[in-house]
Novice: 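Below: one structure in structure tokens.
What you see is a predicted model; the values in this text were computed from it and never measured.
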Amino acid sequence: MTKSSAVLFILLFSLVFKLEEMRPGLILVVLLISSGLFMFTFKSTQFNIEGFVLVLAASCLGGIRWTLTQLIMQKAELGLQNPIDTMFHLQPLMFLSLFPLFVGIEGLHVATSRQLFLFQDTQELLILLATLFLGGLLAFGLGFSEFLLVSKTSSLTLSIAGIFKELCVLLLATHLLGDQMSTLNWLGFAVCISGIAFHVALKTTYSRGEEAYKHRRGPVTDMELLLRSRDDEEEEET
């Protein structure tokens, strides 16, 4: 439920870094999605202040991460519009920041595991390495698609796409695993879907309006260039 605040942080930092304009429709979309996701995932649970702070901090840092990623990728002078270039520069830093945590939390277990460093069955080791390679390949594809989406749209659109994925996962859990959903959960699902649909409609309307504006501005800009060139020729003759 706390994780539903991530889209609010992304909107906040998008406004701070001037990646998004303050529009009533955009604020309504974010409020609908965050409140709908909160209701959709609402369950009676024991509150833990440490867990709450950790998840809230993760949501805040996630908002900073993706807004800064959008800021970097959409600056033409940096030359990082290509997702592969961005991953080439960012992934080593991400690996170095996570590797100490990996060593501290899982290093001893991996070092003493009979499936890896103390393996006895070569075939089992190869199957495990192939599984890890497949997981890494899927993670690479996920990272590539996320960076590509951010470079073409925005970090807010990426967050909303991720929320739609979470809705699909939770719906599959109700059908396949037998999870029970209350009336409040279904109401939150409807609110969240309406927010996502509203966001898609706003994006479509905005892009069409932008294209129409460019078409209207095209002849005027060309005429201005012609007039300026004629003025320059007249100045040279005089």
Side-chain angles (χ1 to χ4, degrees), residues 1-74 142 145-174 179-213:
M1 290 184 287
T2 308
K3 191 173 179 290
S4 62
S5 63
V7 67
L8 295 174
F9 285 111
I10 288 180
L11 175 63
L12 173 64
F13 291 114
S14 296
L15 294 175
V16 169
F17 294 121
K18 298 181 179 180
L19 297 174
E20 298 282 353
E21 297 178 0
M22 178 72 78
R23 301 193 302 270
L26 187 62
I27 297 175
L28 179 61
V29 164
V30 171
L31 290 178
L32 283 174
I33 292 175
S34 58
S35 59
L37 186 62
F38 180 85
M39 291 188 293
F40 184 58
T41 57
F42 181 82
K43 288 182 180 178
S44 298
T45 183
Q46 185 178 358
F47 181 76
N48 184 285
I49 185 64
E50 294 180 359
F52 173 75
V53 171
L54 283 174
V55 175
L56 196 64
S59 299
C60 180
L61 293 174
I64 296 175
R65 174 200 174 193
W66 284 115
T67 47
L68 289 178
T69 301
Q70 179 184 350
L71 192 64
I72 291 172
M73 295 190 72
Q74 294 184 357
L142 176 63
S145 61
E146 287 176 338
F147 285 124
L148 181 63
L149 185 61
V150 169
S151 66
K152 298 297 182 183
T153 56
S154 66
S155 55
L156 186 62
T157 300
L158 173 67
S159 176
I160 293 174
I163 290 172
F164 182 74
K165 181 259 304 180
E166 291 181 7
L167 293 178
C168 294
V169 170
L170 292 171
L171 280 179
L172 287 174
T174 59
D179 291 355
Q180 300 296 322
M181 290 182 60
S182 64
T183 305
L184 180 64
N185 297 144
W186 285 114
L187 179 61
F189 175 76
V191 172
C192 199
I193 288 294
S194 64
I196 294 174
F198 189 33
H199 174 73
V200 173
L202 282 178
K203 277 287 184 182
T204 304
T205 304
Y206 180 76
S207 61
R208 288 179 178 175
E210 197 174 39
E211 289 179 1
Y213 178 77

Novice: Quick one: closest heavy-atom pair of L167 and I193, and the distance?
Specialist: CD1-CD1, 3.8 Å
Novice: Would you mind telling me which of F9, F13, F147 makes a ring pair (Phe, Tyr, Trp, His ring centres under 6.0 Å) with W66?
Specialist: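 By the ring pair (Phe, Tyr, Trp, His ring centres under 6.0 Å) criterion, W66 pairs with just one of F9, F13, F147: F147.
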Novice: Rounded to the nearest 0.5 Å, how far does CG of L37 lie from CG of L32?
Specialist: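 Rounded to the nearest 0.5 Å, the CG-CG separation comes to 12.5 Å.
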Novice: Got a second to check how far I10's CD1 is from L15's CG, nearest 0.5 Å?
Specialist: 12.0 Å
Novice: If every non-hydrogen atom of F198 is compared with every non-hydrogen atom of V29, which pair is closest and at what distance?
Specialist: CD2-CG2, 3.3 Å
Novice: Answer yes or no: is there a side-chain heavy-atom contact under 4.5 Å between M39 and V191?
Specialist: yes
Novice: Which atom pair, heavy atoms only, marks the closest approach of S14 to T67?
Specialist: OG-CG2, 3.4 Å
Novice: Would you mind writing out the side-chain donor-acceptor pairs for residues 155-165 within the sub-3.5 Å range, not counting sequence neighbours?
Specialist:
unit_1 : atom_1 : unit_2 : atom_2 : d
S155   : OG     : Q70    : OE1    : 3.0
T157   : OG1    : S154   : OG     : 3.1
T157   : OG1    : H199   : NE2    : 3.4

Novice: Considering all heavy atoms of both residues, which atom of L8 and which atom of S34 are nearest to each other, and what is their separation?
Specialist: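 Taking L8 first and S34 second, the nearest heavy atoms are CD2-OG, 3.8 Å.
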